[in-house]
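Inspection log for the structure reproduced underneath, given as structure tokens.
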There are 2 protein chains.
Amino acid sequence: MKRKLSTEATAAWIRLMRVPSRVLDCVEQDLKKAGYPPLAWYDALLELSRAPSGELRPVELERQMLIPQYSTSRLIDKLVDEGLAARRECKIDKRGQFVEITEAGRDLQKRMWSAYSAAIDKHVGSKLSDAEAARLCGLLDRLGCSCSDAKADAKADAKADTKSETKAAPARDSVPAR
Amino acid sequence: MKRKLSTEATAAWIRLMRVPSRVLDCVEQDLKKAGYPPLAWYDALLELSRAPSGELRPVELERQMLIPQYSTSRLIDKLVDEGLAARRECKIDKRGQFVEITEAGRDLQKRMWSAYSAAIDKHVGSKLSDAEAARLCGLLDRLGCSCSDAKADAKADAKADTKSETKAAPARDSVPAR
DNA sequence: CCGCACTGAATGCATCTGCATCAATCTTGA
DNA sequence: TCAAGATTGATGCAGATGCATTCAGTGCGG
């Protein structure tokens with residue numbers, strides 16, 4: 001299996017590594033200049049605001065946001081410090097807890113969205129037609145489900161848990177609000 | 001200038017934020033499992049090995065790699081520590097220096113490339129036809145030149161005050177070798 | 001020659017990240 | 001029913017990153 005790496009694939013790789021991080025940077029900068037916190041805060045607030053009663057278990061938030069557990073824990077710390085969310089006891093499972101978005105949190109989420117959506121439009125929407133954006137989605141989706149096997153490899157001799165998450169998942173994700 | 005953000009653009013944004021970072025992760029993991037250092041080291045070694053006499057000014061390296069100055073400085077520290085590069089005095093400008101790749105550095109760069117190219121092919125090349133890869137390049141390129149104007153802006157009012165960050169995008173670069 | 005603005009590079013410090021581990025609690029199954 | 005194992009969430013620590021500053025050296029205008 002000694003495939004040859006094509007120049008097209010190489011060119012795509014270079015752009016994959018450069019362009020999105022740059023675009024993210026631009027958007028984050030716009031948000032920051034508007035006086036808002038990092039995007040991760042928005043994502044968390046959005047997930048919380050969407051949840052049935054405005055509250056989620058940290059472990060749920062973690063799964064929604066696809067970030068590591070410790071990262072979730074620390075993010076929650078900060079949201080709580082800023083009064084954007086509150087920890088609430090979880091009666092049914094005393095190991096756990098609920099994190100509930102506050103009014104201030106909902107408010108911030110809404111205000112951020114206007115700046116956020118404007119930034120996305122500025123840096124992505126305005127540069128591509130809808131058809132092009134859709135084609136880009138299609139191409140990126142083709143790259144999506146690759147690392148599950150790495151995970152499997154890692155614990156190959158462990159449990160064969162087949163947790164392979166084929167997360168080509170539809171857009172049910174962070175950004176879209178409102 | 002109150003454009004509406006389309007759902008297509010939003011979907012593209014989500015994928016832009018997720019897919020490439022995931023692909024990068026996979027490639028980095030592959031490299032790591034093969035016992036190699038981070039990709040940034042490869043990039044630096046590649047730039048050095050390509051340079052006329054195997055040496056560059058740090059400031060050149062910085063521009064090639066699109067990473068901040070302090071980051072370059074620290075990366076060089078590590079390469080030197082590992083014997084992959086050496087600092088050499090710059091006679092014509094005593095503020096500066098040259099960084100020269102060593103034989104060990106050239107050797108590592110070459111060895112890394114075989115693992116690296118295999119990983120790129122596995123996670124990108126094998127998932128897209130050459131035509132698709134080319135289309136992906138085209139689409140990503142449309143997004144590329146968005147922050148250059150930010151740079152221009154910054155330069156424009158540079159004299160004013162602008163503590164605003166003229167930060168260059170952190171991005172991976174320079175893959176193609178051999 | 002001097003003063004002054006600028007460039008090249010390093011570094012102190014605060015923050016962020018990842019990893020490993022911990023304690024508490026829940027679940028399972030013998 | 002209880003021990004073994006799995007889950008939930010927090011945290012100590014090491015390394016990475018970003019920011020601002022510092023230091024040395026350059027080059028220009030006077």
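To find a chain, count down the sequence lines: A is the first, B the second, and so on, and within it residues start at 1. Note that these values count all heavy atoms, side chains included, but never hydrogens, waters or copies made by symmetry.
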Got a sec, which residues hit side-chain contact (heavy atoms from CB on, under 4.5 Å) with [X], two or more places apart in sequence or on another chain?
X: Ala104(B); answer: Leu84(B), Thr102(B)
X: Thr7(A); answer: none
X: Ser73(A); answer: Gln69(A)

Mind checking what makes side-chain hydrogen bond (donor to acceptor under 3.5 Å, both in side chains) contact with Arg111(A), not counting sequence neighbours?
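Partners of Arg111(A) under the side-chain hydrogen bond (donor to acceptor under 3.5 Å, both in side chains) test: Asp107(A).
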What pairs with Ser49(A) under side-chain hydrogen bond (donor to acceptor under 3.5 Å, both in side chains), at least two apart in sequence or on another chain?
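Expected list: none.
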Can you tell me the distance, in whole Å, between the [atom1] atom of [X] and the [atom2] atom of [N]?
X: Leu66(B); N: dG18(D); atom1: CG; atom2: P; value: 13 Å
X: Ile67(A); N: dT17(C); atom1: CD1; atom2: P; value: 9 Å
X: Arg57(A); N: dT7(D); atom1: CZ; atom2: P; value: 13 Å
X: Glu62(B); N: dG18(D); atom1: CD; atom2: C1'; value: 14 Å
X: Gln29(B); N: dG18(C); atom1: CD; atom2: C1'; value: 11 Å
X: Leu75(B); N: dA9(C); atom1: CG; atom2: C1'; value: 14 Å

Which residues satisfy the salt bridge (Lys or Arg N to Asp or Glu O under 4.0 Å) test with [X], sequence neighbours excluded?
X: Glu8(A); answer: none
X: Arg88(A); answer: Glu55(A), Glu100(A)
X: Arg135(B); answer: none
X: Asp130(B); answer: none

What nitrogen or oxygen pairs link the protein and nucleotides 22-28 of chain C at under 3.5 Å?
unit_1, atom_1, unit_2, atom_2, d
dC26(C), OP1, Lys94(A), N, 2.8

Tyr42(A) and Trp113(A) aromatic ring geometry - parallel, tilted or perpendicular at 30°/60° bounds:
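Taking Tyr42(A) first and then Trp113(A), their aromatic rings lie parallel (interplane angle under 30°).
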Of all of residues 83-90 of chain B, which get a heavy atom below 4.0 angstrom from DNA chain C, listed by number?
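Listed by number, they are Arg87(B).
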Charged N to carboxylate O below 4.0 Å: is that the case for Arg63(A) and Glu60(A)?
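Result for this pair is yes, salt bridge flagged.
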Which of the following nucleotides, dG18(C), dG8(C), dG9(D), is nearest to the side chain of Val59(A)?
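The closest nucleotide is dG9(D).
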What's touching nucleotides 11-16 of chain C from the protein side, N or O pairs under 3.5 Å?
unit_1, atom_1, unit_2, atom_2, d
dG12(C), O6, Arg74(B), NH2, 2.7

